[in-house]
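The chains referred to below are lettered A, B, ... by the order of the sequence lines, with proteins before strands, and numbering in each begins at 1.
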Protein chains: 2
Amino acid sequence: MEITIKDIAADAKVSVSTVSRVMNGSKAVSDELRHRVMRSIEKYHYIPNAEARSLVTKNTHLVAVLEADLRNPITAIHLKQISDVCMKHNKVVIACDYDFDNKKALVLMDRMLERNIDGLIFQGVHLTDEILKKLHEFPCPVVLGNQGLSGDDCEFTTVTVDSYGVARDITEFLVGDGHRRIAYVGGNAEDYTNGQLRLKGYRDAMKAAGLEIPDSYIYQGNFSTEAGVEGMKKIYENSRDLPTAVITGSDIIAIGVIRYLKSLNIRVPEDISVFGVDDSVSDIFDPPLSTVRMFQQGEMFYEALFGEHADEKKIIHFPYQLVRRNSTRKLWQ
Amino acid sequence: MEITIKDIAADAKVSVSTVSRVMNGSKAVSDELRHRVMRSIEKYHYIPNAEARSLVTKNTHLVAVLEADLRNPITAIHLKQISDVCMKHNKVVIACDYDFDNKKALVLMDRMLERNIDGLIFQGVHLTDEILKKLHEFPCPVVLGNQGLSGDDCEFTTVTVDSYGVARDITEFLVGDGHRRIAYVGGNAEDYTNGQLRLKGYRDAMKAAGLEIPDSYIYQGNFSTEAGVEGMKKIYENSRDLPTAVITGSDIIAIGVIRYLKSLNIRVPEDISVFGVDDSVSDIFDPPLSTVRMFQQGEMFYEALFGEHADEKKIIHFPYQLVRRNSTRKLWQ
DNA sequence: GTGAAAGCGCTAACAT
DNA sequence: ATGTTAGCGCTTTCAC
């Protein structure tokens, strides 16, 4: 039988409320009793029961993170960071993988609803009305990651990449390196944040630089290596002039792009430069990817959930920084 | 105010126990009442409170997974699989990252102890006495992953790679491909399962094939890309004859080995073949790694925790299979 | 400063 | 078959 607060109270010859006060660090306990209680607690290795506690406090210290795919390197990075901050705040992360399947996500959410979680982070790839509706059922703070909503109504706070800024900055970076024919292999066209905003950033920057974009230079698929391969293939086959640089939606896509190029014996970065986003595979992939590194992802999610202004719904962007590695080169050198 | 079992009972004009029976699918309820209850449940979107429930059933449906590093690709694979099986069994996974820091792991375990989890999976990299002691405090099933204990005493069931078999099979595979100078870049020497057993498998297979192993052909570091680089460097610098093939402890190490080789313009697999383990980066890395693929990891962990014979402590190995890709080649072709 | 007691939402005897 | 009731282990008024 596990030992309970009663046992401690009995052993320390105090009431259970006193034990409770000691555990919760309430001031109103004499040193005398506090010590007796502490001794009993240590003596029995007493550990309070979290369920019983949360039953009355309505506070489970549980944060649920729903991911489309835990194996995605950037997902793993987020999860680790979120887990870290939560740890610091005495919370614990429930990690769920819905495998890109919204039906599964719905089931998972019901499961989370039972658990009275303190907060929910939903990393969506396709925010349907059904998903949104379910999200609204949560009595706790809910934060969206990855994909934001399109409107300005901001039903939920969203913590994500500054897609527009990132695409614009990458484009400017490549233009600065002397590139003029720059193609784009990005995420889903229906995805507002990662698709449309990204494309706009690229388009605007190209326009600002006075550069044309042939139709064949734009490919929108999903966030996978296969999509990268497919995208580069399409661009290769349909373009009169090959681009000298390719912007991608993520490192994973960039890898696909590079793979296709390699299969054609086109060298990266000598012949074509490829730029990633996420800095998620820097220690694995060769050549080291020029990419965009994000910062403080864990903290930003946590703040969005539980911070002072968590009630104001808004869009929050990770701080980011372009990092030059060896998948891009300067044309004028 | 959240709605509770009482509200449902009141609305359906039955007792709370009837509501409870309906929810738990107990047969002993008339269709009449069952329907009334169901209707009320749907009407109010009632969701039972998991904490209250587990307070009495002593069953949280929570499985904790403690990982050294969530970002490791093989870790992510395991986590996803475990999450999947648990899902199927109506359980939920708490994912924790202790960042290779046993002190952190200890703190995490205390946290889990509070929560009355149903089961614990500890993916250890260095099983100290302190860790083991804490593990013994859990009243629930505990399963070790990754690193097993050295003795046959089997304090805890361990679910892991068949290190000996894998190393032996890889060696035989390479010998079969005509390699005779085969080097080894593996995990920590102190690590029984992943270090010693692995090395033995390699040694035994080499001996069986009548092949010598120069001292310089063996490097034992940790499971990182850096260790792979360092290991290959050492082998390169200290060997009279370069090996024609290198066995590694994991894909991550293999990547390091290949990186070093590349930096010297030594081609893989033309000049040197490199064999990985885990099949964790197949969709990311070029060249595609010849490696060892594991199966049913999630199921095996789950079985070990909650299966019929979960009480018998033992070592369980994942089924595995060597997969030939393009980081190795046949010498006699 | 300390203790008694109510109650969090649920399940599981135990009655009926 | 259904209802009554006693807890599960804890926190939190409310007295003293």
**Asked** Which residue, B:V16 or B:A52, contacts DNA chain D at a nucleotide closer to its 5' end, judged by nearest heavy atom?
**Response** B:V16
**Message:** Any side-chain N or O of A:R53 below 4.0 angstrom from OP1/OP2 of D:dG9?
**Reply:** no
**Request:** Let me know, please, whether B:V14 or A:R21 comes out on the 5' side of the other along DNA chain D by nearest nucleotide.
**Result:** B:V14
**Request:** Identify whether any heavy atom of A:V19 sits under 4.0 Å from a base atom; if not, whether one sits that close to sugar-phosphate; answer base, sugar-phosphate or nothing.
**Result:** nothing
**Asked** Are side-chain N/O atoms of A:Y44 and A:D7 paired as donor and acceptor at under 3.5 Å?
**Response** no
**Item:** Under-4.0 Å side-chain N/O to phosphate OP1/OP2 contact, A:S15 with C:dA4
**Value:** no
**Prompt:** Counting only side-chain N and O atoms of B:K58, is one of them less than 4.0 Å from OP1 or OP2 of C:dT11?
**Reply:** no
**Item:** Sequence neighbours excluded - ring-ring contact (aromatic ring centres under 6.0 Å, His included) pairs with any residue from residues 87-128 of chain A
**Value:** A:H89-A:Y302, A:Y98-A:F122
**Asked** Should A:R71 and A:D69 count as an ion pair when the cut-off is N to O under 4.0 Å?
**Response** yes
**Asked** Ion pair present between A:K134 and A:E130, side-chain N to carboxylate O less than 4.0 angstrom?
**Response** no
**Item:** No-H, no-angle donor-acceptor pair, A:R34 side chain to C:dG1 base, under 3.5 Å
**Value:** no
**Asked** Starting at CG of A:D31 and ending at P of C:dG1, how long is that distance when rounded to a whole Å?
**Response** 11 Å
**Asked** To the nearest angstrom, how far is A:M23 atom CE from D:dC10 atom C1'?
**Response** 7 Å
**Message:** Taking any heavy-atom pair under 4.0 Å as a contact, classify B:S17: base, sugar-phosphate, or nothing.
**Reply:** base
**Asked** Within the pair A:N49 and D:dC8, is there a side-chain N or O less than 4.0 Å away from OP1 or OP2?
**Response** no
**Request:** Take the protein atom NZ of B:K13 and the nucleotide atom C1' of D:dG3, then report the distance between them rounded to whole Å.
**Result:** 16 Å
**Request:** Considering just the side-chain nitrogens and oxygens of A:S30, establish if one lies under 4.0 Å of OP1 or OP2 belonging to C:dT2.
**Result:** yes
**Message:** So for atom CD, which belongs to A:E308, do other residues, nucleotides or ligands contribute more than 12 heavy atoms lying within a distance under 6.0 Å?
**Reply:** no
**Message:** Taking any heavy-atom pair under 4.0 Å as a contact, classify A:T18: base, sugar-phosphate, or nothing.
**Reply:** sugar-phosphate
**Message:** It should be established whether A:T4 places a side-chain nitrogen or oxygen under 4.0 Å from OP1 or OP2 of nucleotide D:dG9.
**Reply:** no
**Request:** Using atom NZ of B:K6 as one end and atom P of C:dA6 as the other, report the distance to the nearest whole Å.
**Result:** 14 Å
